[in-house]
Amino acid sequence: MQENFSLKPFNTFGVEASARYFSEVNSVEELTEALNFSNAQTLPLLFIGGGSNILLTKDFDGLAIHLNLRGISEEIIDENQVLVTAKAGENWHQFVMYCLEKNYGGLENLSLIPGNVGTSPMQNIGAYGTEIKDVFESCKVLNLETLEIETLNSEQCRFGYRDSIFKQEGKGKYVILEVTFRLTRKEHKIDVEYGAIKSELENLGINNPTIQDVSKAVIHIRQSKLPDPKVIGNAGSFFKNPTIALSQFEVLKQTFENIPGYPNGDLVKVPAGWLIEQDGWKGKQIGSVASHKLQALVIINATGNATGKEIFDFSSKIINSVKEKFGIELEREVNII
């Protein structure tokens with residue numbers, strides 16, 4: 001247990017903020033000990049994984065727990081199915097690479113997403129036509145009220161677009177210990193229809209892609225337009241893609257003819273990056289904070305010295321600006337602390 005501990009190395013924005021107490025846990029037993037310590041002093045809790053989806057806007061006056069539970073196990077179901085379980089502290093991309101080396105399919109479109117396995121179900125991470133819910137089997141969680149371990153299936157997790165029970169009524173109730181995925185061994189479903197995957201594969205001269213080829217294409221695309229958090233502080237996509245009524249989209253199309261949209265019944269999903277870029281924010285910098293020059297959806301710690309509050313205020317300016325221009329209110333995808 002450490003006091004007045006800097007959390008700068010534990011958030012990908014690289015902002016300076018400290019925790020009153022800090023503990024790194026490597027087992028459920030150590031986690032329970034840390035929780036007993038916090039309960040005895042009625043301290044608020046902050047669980048940190050890869051730190052890729054949080055924005056620290058101030059010092060944390062409580063106990064920050066870094067979940068470093070490690071380990072991967074497998075259970076062959078049949079000729080074509082395998083259950084792969086990863087502990088919460090496993091790095092997400094390294095876990096995807098592990099599965100691809102085994103020729104297990106289902107996660108390839110989610111290559112190079114920052115963060116750890118334990119946080120992946122929280123916001124139902126997704127990219128290039130795939131979401132966690134598509135391959136999710138179950139997860140083991142520690143109930144913070146009872147300190148008992150429970151298993152939640154996909155239905156119980158109530159996955160939605162960048163959403164789950166862990167961001168709704170289960171927020172602050174559970175901590176994810178491990179996640180199990182149902183993956184394919186032979187009959188892989190190759191999905192190259194979303195985004196630029198197909199054209200990237202063509203550029204690589206690949207006509208009949210394997211799951212490894214899809215992963216390679218995704219990595220190339222992400223590296224070409226998304227900044228590496230190790231080089232420049234960011235948390236990936238800062239905003240969710242908003243969903244609006246079809247009627248509202250049709251009205252907007254009368255003024256903005258080129259506005260893209262992805263219909264789903266009476267609703268239409270509009271790319272947040274397009275809205276932000278059309279409003280003039282792409283590459284724009286205010287003080288130490290900027291919208292990335294290649295991807296407007298990504299807010300960056302441009303100088304490396306930005307505070308969490310400066311980044312939050314910058315995001316508020318974008319939200320207000322887009323709402324004024326398009327009548328659409330963007331929602332932050334990043335968790336604000």
Side-chain angles (χ1 to χ4, degrees), residues 10 12 24-28 47-53 66-141 151-154 157 159 175-192 194 197 200-201 204 206 209-223 226 228-230 236:
F10 293 90
T12 58
E24 180 170 278
V25 301
N26 301 287
S27 67
V28 175
F47 292 99
I48 300 176
S52 62
N53 196 44
H66 180 228
L67 292 167
N68 195 36
L69 311 178
R70 308 297 290 269
I72 300 174
S73 60
E74 307 168 33
E75 179 187 351
I76 303 297
I77 301 301
D78 55 35
E79 286 188 0
N80 191 49
Q81 295 185 94
V82 60
L83 296 180
V84 186
T85 300
K87 300 288 187 182
E90 291 289 337
N91 175 271
W92 174 259
H93 179 64
Q94 291 176 10
F95 172 62
V96 173
M97 292 299 102
Y98 171 92
C99 292
L100 288 171
E101 287 174 8
K102 295 272 191 170
N103 199 39
Y104 297 156
L107 300 176
E108 55 277 359
N109 291 50
L110 303 177
S111 298
L112 211 62
I113 292 178
N116 288 354
V117 170
T119 52
S120 63
M122 291 182 65
Q123 63 180 49
N124 183 25
I125 63 170
Y128 302 102
T130 299
E131 292 180 317
I132 280 295
K133 68 178 179 61
D134 301 326
V135 290
F136 181 90
E137 177 72 13
S138 64
C139 64
K140 282 189 178 179
V141 300
T151 299
L152 302 180
N153 60 29
S154 182
C157 287
F159 292 122
V175 57
I176 298 171
L177 304 175
E178 64 182 41
V179 188
T180 300
F181 303 90
R182 183 178 290 266
L183 306 177
T184 53
R185 299 177 64 205
K186 293 181 179 179
E187 299 170 13
H188 304 311
K189 179 185 177 184
I190 305 293
D191 186 357
V192 298
Y194 195 95
I197 296 180
E200 182 65 29
L201 287 168
L204 294 171
I206 299 171
T210 63
I211 54 177
Q212 290 80 8
D213 292 329
V214 173
S215 172
K216 185 186 297 184
V218 168
I219 291 171
H220 281 202
I221 296 168
R222 293 185 71 92
Q223 289 178 333
L226 296 174
D228 184 347
K230 296 177 182 175

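Computed from heavy atoms alone, side chains included, the values below leave out hydrogens, waters and symmetry copies.
With rounding to the nearest 0.5 Å, the separation of CD in E75 from CD in Q81 is 11.0 Å. To the nearest 0.5 Å, atoms OG1 (T85) and CD1 (I72) are separated by 10.0 Å. Rounding to the nearest 0.5 angstrom, the gap separating the NZ atom in K140 from the CD1 atom in I176 is 14.0 Å. Between the CD atom of E24 and the CG atom of N26 there is a distance of 5.5 Å, given to the nearest 0.5 Å. Once rounded to the nearest 0.5 Å, the distance linking CG of L204 with NZ of K216 reads 7.0 Å. One finds the CE atom of M97 at 4.0 Å from the CD1 atom of I219 (value rounded to the nearest 0.5 Å).
F95 is linked by a ring-ring contact (aromatic ring centres under 6.0 Å, His included) to W92, F181, counting only residues two or more places apart in sequence or in another chain. In terms of the side chain to side chain donor-acceptor pair (under 3.5 Å) criterion, T12 has no residue partners (sequence neighbours excluded). The ring-ring contact (aromatic ring centres under 6.0 Å, His included) check on F159 picks up F136, with sequence neighbours excluded. For K186, the side-chain contact (heavy atoms from CB on, under 4.5 Å) criterion is met by E79, N80, not counting sequence neighbours. Remark: V28 engages T32, I149, L177 in a side-chain contact (heavy atoms from CB on, under 4.5 Å) (not counting sequence neighbours). Partners of S138 according to the side chain to side chain donor-acceptor pair (under 3.5 Å) rule, which considers only residues two or more places apart in sequence or in another chain, do not exist here. Every residue meeting the side-chain contact (heavy atoms from CB on, under 4.5 Å) condition with T210, not counting sequence neighbours, appears here in chain and number order: Q212, D213. Scanning for side-chain contact (heavy atoms from CB on, under 4.5 Å) contacts around V82 gives E74, I76, V84, Y104, L183, R185, with sequence neighbours left out. Under the ring-ring contact (aromatic ring centres under 6.0 Å, His included) criterion, H220 pairs with no residue at all, not counting sequence neighbours.
Side-chain contact check for P114 versus H93: every heavy-atom pair is 4.5 Å or farther apart. When side chains are defined from C-beta on, N103 counts as touching H188, because their heavy atoms get closer than 4.5 Å. Counting heavy atoms from C-beta on, the side chains of C157 and C139 come closer than 4.5 Å. Looking at heavy atoms from C-beta onward, Y128 lies out of side-chain contact with V214 at the 4.5 angstrom threshold.
The list of salt bridge (Lys or Arg N to Asp or Glu O under 4.0 Å) pairs with a residue in residues 80-91, not counting sequence neighbours, reads R70-E90, K87-E178. Identified under the salt bridge (Lys or Arg N to Asp or Glu O under 4.0 Å) test for residues 110-137, with sequence neighbours left out: E131-K133, E131-R162, E137-R182.
Of all non-hydrogen atoms in C99 and L107, the two that sit nearest each other are SG-CD1, 4.0 Å. Shown here for V96 and L110, the closest heavy-atom pair between the two residues is CG2-O, 4.2 Å. The minimum heavy-atom distance between A127 and R222, with the atom names listed, is CB-NH1, 4.0 Å.
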May I have the list of side-chain donor-acceptor pairs in residues 115-122 shorter than 3.5 Å, sequence neighbours left out?
residue: T119; atom: OG1; partner: N116; partner atom: O; Å: 3.0
residue: S120; atom: OG; partner: V117; partner atom: O; Å: 2.6

side-chain contact (heavy atoms from CB on, under 4.5 Å) assessment of E108 paired with L100: CA-CA 7 Å; E108 55 277 359; L100 288 171; 4.0 Å; yes
Test N109 against I197 for side-chain contact (heavy atoms from CB on, under 4.5 Å), laying out the working first. CA-CA 9 Å; N109 291 50; I197 296 180; 3.7 Å; yes
Step by step, would you call K189 with T184 a side-chain contact (heavy atoms from CB on, under 4.5 Å)? CA-CA 8 Å; K189 179 185 177 184; T184 53; over 6 Å; no
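Put simply, the side chain of D191 never gets that close to the backbone of T130: no donor and acceptor are under 3.5 Å apart.
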